[in-house]
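One structure below.
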Protein chains: 2
Amino acid sequence: MLSPLIALLERYMPLEPAERQALQELANQPRRFPAGADLVLEGDRPKEARLLLSGQAFRHKTLADGRRQIMSFHVPGELLDVQGLFMTMDHSVCALTPCEAAVIPHPKLVAMFEAHPRLALAFWRMNLVEGAVFREWMLGIGRRDAYARVAHLFCEVLIRLRAAGLSDGARAAFPVTQQHLSDALGLSAVHTNRVLQQLRGQGLLSFSGGELVVMDWAGLQAAGEFDPAYLHLSEAN
Amino acid sequence: MLSPLIALLERYMPLEPAERQALQELANQPRRFPAGADLVLEGDRPKEARLLLSGQAFRHKTLADGRRQIMSFHVPGELLDVQGLFMTMDHSVCALTPCEAAVIPHPKLVAMFEAHPRLALAFWRMNLVEGAVFREWMLGIGRRDAYARVAHLFCEVLIRLRAAGLSDGARAAFPVTQQHLSDALGLSAVHTNRVLQQLRGQGLLSFSGGELVVMDWAGLQAAGEFDPAYLHLSEAN
DNA sequence: CGAACAGTTGATCAGGATCAACTCGAGTGG
DNA sequence: CCACTCGAGTTGATCCTGATCAACTGTTCG
């Protein structure tokens, strides 16, 4: 059941049987969340951690007047609220599709980290990659124009979904609305719509009904000035 | 010599003598960097970690055409390249003033984490706060207008410098140019200049010659819609 | 059948970018 | 001591990317 997590960790660091065993013991009756439900809530000080087992989710913050910024999209295997281990959540995580999540009591997690320090480092590492993605998004939102920004996001999404085994490298289910895209990119929905039409018009991709199809990977990558290095996908420890 | 680090960690978690001792042993002959020098270089796969002991520095990424995004500012006590423990650096850290940094071999750090798992968690926690700041910046760059963005940054800077003992809460040395500010905020230098004049005109602050003086904290906070929760300064573990 | 929501289009507006010129020190070198 | 440069800050004029507003289509779903 925890295979997405194990696959994620094992991409960087071969796990020993005892470690794999310890991870398995985190599993419990997964909790189900309908699409649109909050998996993690801002202001909460959780007593357990949620590990996404199936489905997709996104992390976001919202301003008083309702303007929203999506900070990341998540695939199975990712721990959604490490932050909650140490402090109050300063943002929420919301289910994009129906999701299943393992709910792991903090003490259980901490005990595992103490028994298997290498696993603590492995989780920390996952966390660092998340930070790297935040930084790349900041660069995009702050310094790239809308066209490159949209293209870049789709490049990232495709690669990450593929790494999670959710895409063949050309098409993938990415069940977001144009409003979600806008909120992730710091654009208005109208403008996002127009940029999508451009990208479609260039024959780079199509995106509708939550399905992304990339028709010209090289072209899309160029349009987004995309370099996957920041995802740190192929760096062994 | 490592007192800034110890103060930082101890803010959240009282350290035991053995732990404090272990931290002290990280100290070595600090390395000096002139203003403008790179403390950490993108593309590097370092064999040691740099811990800022004195001075100020900033983290940034640069696009092919030279557009730059500053991702964070750093004060003494912060570990600048945890990322390098696990993977290649995907961005650089540059000295704003002359800096001193302890250069800690990775094996030494890892050994300490193994001997004192709580310290690993403490460092991880520091790292999570950094991530929280990234997210807040994303929200600002993506969704706040220039005026609020500038005000928000100054609020954050003042609070963080104060927490680091580098400010009395009203004024602080913050030796950046308007260009630095622009690159941190995703604005042009010209526009940043105009917003600064507004803030000055409203009597909220003055900023020149690298010195920040906040004259109306409540007003500045309101202008920036600033809520310090995301800095997680006063949350014990 | 009617809501409700996602997507699309056109028209208009504005926030902030860009370009260019100028000021004002702080060096620096003749 | 002056001329010069260089970087930072400032100002004005203009432009443009992307926001906003509003209407309309199409689909799904109760």
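Note that the coordinates shown come from a computational prediction; the quantities given were computed from them, not determined experimentally. Every chain is numbered from 1 and lettered A, B, ... according to where its sequence line falls, protein lines coming before strand lines.
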Rounded to whole Å, the CZ-P distance (B:Arg67 to C:dA17) equals 12 Å

Quick test: give all pairs of protein nitrogen or oxygen and nucleotides 8-11 of chain D nitrogen or oxygen below 3.5 Å, distance rounded to 0.1 Å.
| unit_1 | atom_1 | unit_2 | atom_2 | d |
| --- | --- | --- | --- | --- |
| D:dG9 | OP2 | B:Gln178 | N | 2.7 |
| D:dT10 | OP2 | B:Gln178 | NE2 | 2.7 |
| D:dT10 | OP2 | B:Asn193 | ND2 | 2.7 |
| D:dT10 | O5' | B:Asn193 | ND2 | 3.3 |
| D:dT11 | OP2 | B:Gln197 | OE1 | 2.4 |
| D:dT11 | OP2 | B:Gln197 | NE2 | 2.8 |

Interatomic distance, A:Arg149 CZ vs D:dG18 P [rounded to whole Å]: 7 Å

Roughly how many Å is it from CG in B:Leu187 to C1' in C:dT18, rounded to a whole number? 14 Å

Which whole-number value in Å describes the distance from B:His191 NE2 to D:dC16 P? 18 Å

For every nucleotide of nucleotides 24-30 of chain D, 5' to 3': is a protein heavy atom under 4.0 Å from its base (B), only from its sugar-phosphate (S), or from neither (-)? -------

Just how far, in rounded Å, is P of C:dA6 from CD of A:Glu211? 19 Å

Any side-chain donor paired with an acceptor under 3.5 Å for B:His60 and B:Asp183? no

Distance (rounded to the nearest 0.5 Å) between A:Leu158 CG and A:Ser167 OG: 4.5 Å

Rounded to whole Å, please give me the gap between CG in B:Asp145 and C1' in D:dG18. 15 Å

State yes or no: are the ring centers of A:Phe58 and A:His74 separated by less than 6.0 Å? no

Between B:Phe226 and B:Phe154, is the ring centroid distance below 6.0 Å? no

Examine distances only and state if a side-chain atom of B:Arg143 and a backbone atom of A:Gln69 form a donor-acceptor pair shorter than 3.5 Å. no

Examine the side chains of B:Thr97 and B:Gln56 and answer whether a donor and an acceptor come within less than 3.5 Å of each other. no

Whether the B:His152 and B:Glu136 side chains hold a donor-acceptor pair (N or O, under 3.5 Å, no angle test) is what I'd like checked. yes

In whole Å, I'd like the distance from the CZ atom of A:Arg144 to the P atom of D:dT17. 18 Å

How long is the line joining CG of A:Leu181 and C1' of D:dG18, in whole Å? 16 Å

Tell me whether B:Gln221 contacts the main-chain N or O of B:Pro228 through its side chain, where contact means a donor paired with an acceptor under 3.5 Å. no

Report the residues that fulfil salt bridge (Lys or Arg N to Asp or Glu O under 4.0 Å) with A:Glu211, sequence neighbours left out, ordered by chain and then residue number. A:Arg171

